[in-house]
Protein chains: 2
Amino acid sequence: MNSVRVCIIEDDELIRDSYAFLIEKKSTHKIIGMYVDYEEAEKDLYELHPDVILLDIELPGKNGIDAIPSIKKILPDTFIIILSVFETEDLILKALRNGASGYLTKNSPSEKIISAIEEVMEGGGPMSSSVASLVIKAFQKNNNSPLSKREIEILENFAAGKSRKRIAEEMFIDTETVKTHLRNIYFKLDVHSKADAIQIARSKKFI
Amino acid sequence: MNSVRVCIIEDDELIRDSYAFLIEKKSTHKIIGMYVDYEEAEKDLYELHPDVILLDIELPGKNGIDAIPSIKKILPDTFIIILSVFETEDLILKALRNGASGYLTKNSPSEKIISAIEEVMEGGGPMSSSVASLVIKAFQKNNNSPLSKREIEILENFAAGKSRKRIAEEMFIDTETVKTHLRNIYFKLDVHSKADAIQIARSKKFI
DNA sequence: ATATATATACCCCATTATGGGGTAAATCAT
DNA sequence: ATGATTTACCCCATAATGGGGTATATATAT
């Protein structure tokens, strides 16, 4: 592994300095920039063009989640690894959606951080195991759904923007049958519209 | 880490036996069952109640992907780790959606497989780094979208099943403006319906 | 065996949403 | 300053929706 040019954006001085120290000491990677917030970093980013940015989420000024798209606009090919104490589904998914390539918790040992830097450079997606688990769970359905298999199938087609007619044709059933299923779905989810049914079903991972 | 009761479903004798041998030799986990296909395994699963199942995808009879929900129905709390030579987005996401807790490529060293068994028992989500990268990319949008920001926003609301009227209200614009955006979205995606627009936009990760 | 859930299908009705067409002005960004 | 974006209005016919009632066959579970 060649020397990787790394930049750190982290407001806590102790954490920032110890990461920098350990990375420089235990690997061949170079810490080419250290910043206490995104606004400071922004001025230098284009000139610096780091390979990897270690980014904290809890920052003064623009937070890490919102900083990701801004960084990606300036440096589309720079990999961003989130370093955070928080492991909530919401934050993790937003970070990944916004363009982060990895997500580590701050209690990760320095070896894990160093190998994560190498991993992203090689096209990997380094994550703490609890983070990986949350990411996987984000794909999985809730098996305590009140909806039947057929109802789930219909609501999924519905959520794909299809009309009753089209769903009926594709499922080889009558449009009236689709309608009856829909009526039962509305009753079970206690809603009275498509949008509400989709929203409830998605948030509860029924579909 | 206590001894974990592991079961292997893998049709290739050499791979199956070498996994079993290495796991028994290098860890305290117990291989309590080995099967060449899902049908064979199914007979014993409830009685065996393994903690973890190492599951191949390319199986004779029912394939691994389809076997996952069947296993989960019999053993809802057993963790399933996929072992596959294939790393296509489609297979990986289907496996995770169906309930797999981890996904390793077959070239993984035995240490990685052993630690994966421990990781799932502790609530983690073990993945090969290339798999993790694909999973992360599944969350990320295509930034070469022909759609404008506003159009993406509107199509996302559209994909949430909302009507033009509701979108207009929530976005503080006129329904006619929503309509114009929609018309431009249809033109850019070369479609003539909601369902097609959503389908194209989702498959190309524009939304 | 009997109750409950599921999947199928038909009828009525009024209201709402959709897609296609044309046009245009203000603002934003390269 | 040229093209893209965002906003908004007009016309029109057709399709889709949601609410109501009813029914029958099959599965599943207690």
Side-chain angles (χ1 to χ4, degrees), chain A residues 46 69-70 72-74 76 141-201 206-207, chain B residues 46 69-70 72-74 76 141-201 206-207:
Chain A
Y46 188 77
S70 310
K72 280 285 175 181
K73 208 167 181 177
I74 302 169
K141 281 183 193 164
N142 181 345
N143 38 16
N144 278 76
S145 172
L147 305 179
S148 73
K149 265 188 188 174
R150 202 62 162 167
E151 285 163 354
I152 289 171
E153 205 181 342
I154 283 183
L155 191 51
E156 280 169 347
N157 275 293
F158 206 19
K162 294 174 190 167
S163 68
R164 290 180 192 169
K165 193 181 167 190
R166 184 161 162 188
I167 294 170
E169 280 163 4
E170 288 178 11
M171 292 177 72
F172 304 106
I173 54 177
D174 198 279
T175 54
E176 288 298 327
T177 304
V178 175
K179 197 187 167 186
T180 305
H181 283 304
L182 244 19
R183 177 162 38 174
N184 293 333
I185 291 167
Y186 283 8
F187 176 74
K188 286 182 179 178
L189 302 185
D190 189 27
V191 295
H192 305 276
S193 74
K194 252 198 310 192
D196 291 341
I198 292 169
Q199 189 254 306
I200 296 271
F206 296 156
I207 58 169
Chain B
Y46 189 78
S70 310
K72 280 284 174 183
K73 206 166 183 180
I74 302 169
K141 280 183 191 165
N142 181 347
N143 39 17
N144 277 75
S145 172
L147 305 179
S148 73
K149 266 189 188 173
R150 203 63 164 165
E151 285 163 355
I152 288 171
E153 206 181 342
I154 284 184
L155 191 51
E156 280 169 346
N157 274 292
F158 205 20
K162 293 174 190 167
S163 68
R164 290 179 192 171
K165 193 181 169 189
R166 183 159 164 190
I167 294 170
E169 280 162 3
E170 288 177 10
M171 292 177 72
F172 304 106
I173 54 176
D174 198 278
T175 55
E176 287 297 326
T177 304
V178 175
K179 197 186 165 186
T180 305
H181 283 304
L182 245 20
R183 177 162 38 173
N184 293 332
I185 291 166
Y186 284 9
F187 175 74
K188 286 181 179 180
L189 301 185
D190 189 28
V191 296
H192 306 276
S193 75
K194 255 198 309 193
D196 290 341
I198 293 169
Q199 189 255 306
I200 296 272
F206 296 155
I207 58 168

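So you know, we letter chains A, B, ... as the sequences are listed, proteins then strands, and number each from 1.
Residue A:R183 places no side-chain N or O under 4.0 Å from the OP1 or OP2 atom of D:dG19. For D:dT17, one of the phosphate oxygens OP1 or OP2 lies less than 4.0 angstrom from a side-chain nitrogen or oxygen of A:K194. Between B:S148 and the phosphate of D:dT5, there is no side-chain N or O to OP1/OP2 separation shorter than 4.0 Å. For C:dT6, one of the phosphate oxygens OP1 or OP2 lies less than 4.0 angstrom from a side-chain nitrogen or oxygen of A:K188.
The side chain of B:I173 approaches D:dA8 more closely than any other nucleotide in the set C:dT18, D:dA8, C:dA7. Listed candidates were C:dT8, D:dG19, C:dA9. Nearest to the side chain of A:K179 is D:dG19.
When rounded to the nearest whole Å, the span between OH of A:Y186 and C1' of D:dA16 equals 11 Å.
Across all strands shown, C:dT15 pairs with D:dA16; the Watson-Crick or G-U wobble distances both stay below 3.5 Å.
Contact annotation: the side chain of B:E156 never approaches that of B:F206 to less than 4.5 Å [non-hydrogen atoms, C-beta and beyond]. Under the 4.5 Å side-chain criterion, counting only non-hydrogen atoms from C-beta, B:N157 is in contact with B:M171.
Residue-level contact check: A:T177 touches the bases, meaning some heavy atom is under 4.0 Å from a base atom. Residue A:R150 is classed as a sugar-phosphate contact, given heavy-atom separations below 4.0 Å to backbone atoms only. Heavy atoms of A:T180 sit under 4.0 angstrom from at least one base atom.
The nearest heavy atom of DNA chain C to A:H181 and to A:E176 marks one nucleotide each, and the one closer to the 5' end goes with A:H181.
In this structure, a donor-acceptor pair under 3.5 Å is present between the side chains of A:S193 and A:D196.
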